[in-house]
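Read the structure below first, then the notes.
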Amino acid sequence: MTTYNVLTLFPDMFTSVCGSSIWARAISAGLISVNTTDIRDYATDKHRRADDYPLGGGAGMVMKPEPVDACFRDIMSRSEAPSINVYMSPGGKPLTHGLVTRLASYRTVNILCGHYEGVDARVLKRHIDLEISIGDYVLTGGELAAMVLIDAVIRHIDGVLGNDESASGESFVNGLLEYPQYTRPAVWDGEAVPEVLLSGHHANIAAYRRQESLRETARRRPDLLQKARLTKKDIEFITRRDSLNP
Ligand code: ADE
């Protein structure tokens, strides 16, 4: 069982995603557990304040260190090893396939979601092992980013995806984008699917799909092609004149 503990001011945001689709199935099967904890429950003053004005002035509010610290201490006392504490932040390490698979190896991932102008830097320094960004834009809070992180990570936990949904053949796994997919009807609105897909010839289909992956990656994400692990055959295909721009 892999546990994701989310430290948040808005635990209700997780209700729908935990109750739907693959998350719901993985939770009921006991493969993962997603627990939200309301940081406000750890505030000790009578107004249950979790934020305060930024020292030195400026706009917005900053999350106070005491409730975040108390929340982390409580959750960490119950975290099974190996565990990691992450903070969702636009200033963090970019979330990539490599980082996703690394996070899938932890038994417990504790995820702090920030709000307002951020979190007091001292409590981050005390508890956070890794700051993670899901892209170069700013969200209203870390909750949606935490959901993206959990969603990407649980797909790599054994049993979470059914046999029909394997994570092994898809985009980024081999460093390339996925080939285009087709389903029935074989001719739709006058447009036929590539004939090889109807041939039943598995080797030809695999070769066709590999070439389409290379073609798509070269066209949309040439940066990925530079880093991908390519076979001799792949390189032959790429270098064949005009093969990528028919
Ligand atoms: N919180 C706000 N914006 C974010 C981002 N881009 N990634 C992760 N956490 C965030």
Side-chain angles (χ1 to χ4, degrees), residues 2-18 20 22-23 32-43 49-72 75-76 79 83-106 108-157 167 171-172 220-221 223-224:
T2 308
T3 301
Y4 301 88
N5 295 311
V6 183
L7 293 72
T8 171
L9 293 172
F10 300 95
D12 293 348
M13 288 179 73
F14 288 81
T15 311
S16 160
V17 68
C18 286
S20 315
I22 289 170
W23 288 48
I32 63 165
S33 158
V34 180
N35 312 309
T36 53
T37 302
D38 191 340
I39 296 167
R40 212 177 291 279
D41 289 346
Y42 293 82
R49 271 192 84 161
D51 62 328
D52 209 335
Y53 295 100
L55 289 176
M61 302 295 275
V62 176
M63 283 167 66
K64 290 167 67 62
E66 303 93 327
V68 174
D69 176 58
C71 190
F72 258 122
I75 282 167
M76 285 162 67
S79 297
S83 75
I84 185 167
N85 295 342
V86 309
Y87 171 50
M88 304 313 299
S89 151
K93 191 178 164 82
L95 186 62
T96 58
H97 175 70
L99 183 51
V100 163
T101 53
R102 199 183 120 202
L103 289 169
S105 69
Y106 286 91
T108 310
V109 184
N110 300 321
I111 309 169
L112 173 64
C113 302
H115 250 268
Y116 316 120
E117 290 306 306
V119 179
D120 185 286
R122 294 165 294 181
V123 76
L124 294 178
K125 192 170 122 206
R126 178 110 13 129
H127 292 297
I128 298 301
D129 302 309
L130 185 62
E131 292 195 18
I132 299 177
S133 165
I134 64 158
D136 290 345
Y137 42 80
V138 181
L139 303 168
T140 54
E143 284 75 11
L144 288 168
M147 289 182 220
V148 167
L149 175 86
I150 297 170
D151 192 274
V153 172
I154 63 173
R155 304 178 74 258
H156 295 278
I157 291 173
S171 293
F172 298 110
R220 301 190 207 193
R221 292 291 305 275
D223 58 308
L224 292 178

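In each ligand, atom 1 is the first atom listed, and ligand 1 is the first ligand listed. Only this structure's heavy atoms are used, side chains among them; waters, hydrogens and symmetry mates stay out.
Ring orientation note: the planes of H115 and F10 are tilted relative to one another, at an angle of 30° to 60°.
Smallest separation of non-hydrogen atoms from T15 and D12: OG1-O, 2.9 Å. The two residues V119 and G114 have their closest heavy-atom pair at CG2-CA, 4.0 Å. Here the shortest heavy-atom pairing between M61 and P54 reads CA-CD, 4.5 Å. The two atoms that bring P67 and R49 nearest to each other are CG-O, 4.0 Å, heavy atoms only.
For ligand 1, the atoms closer than 4.0 angstrom to any heavy atom of M88 are 8 (C), 9 (N). Against a heavy-atom cut-off of under 4.0 Å, G135 is close to the following atoms of ligand 1: 6 (N). Within ligand 1, the atoms closer than 4.0 Å to a non-hydrogen atom of A145 are 8 (C), 9 (N), numbered from 1 in the order shown. Distances below 4.0 Å separate heavy atoms of I132 from the following atoms of ligand 1: 8 (C).
Side-chain contact check for V86 versus L149: some heavy-atom pair is nearer than 4.5 Å.
The nearest protein atom to atom 4 (C) of ligand 1, hydrogens excluded, is given as P90 CD, 3.6 Å; this is a heavy-atom distance. Nearest non-hydrogen protein atom to atom 9 (N) of ligand 1 is S89 N, 3.1 Å. The shortest contact between atom 6 (N) of ligand 1 and any protein heavy atom is with Y137 O, 2.8 Å. Closest to atom 7 (N) of ligand 1, if we only count protein heavy atoms, is I134 N, 3.0 Å. Protein heavy atom nearest atom 3 (N) of ligand 1, with residue, atom name and distance: L139 N, 3.0 Å.
In this structure, a donor-acceptor pair under 3.5 Å is absent between the side chains of N110 and T108.
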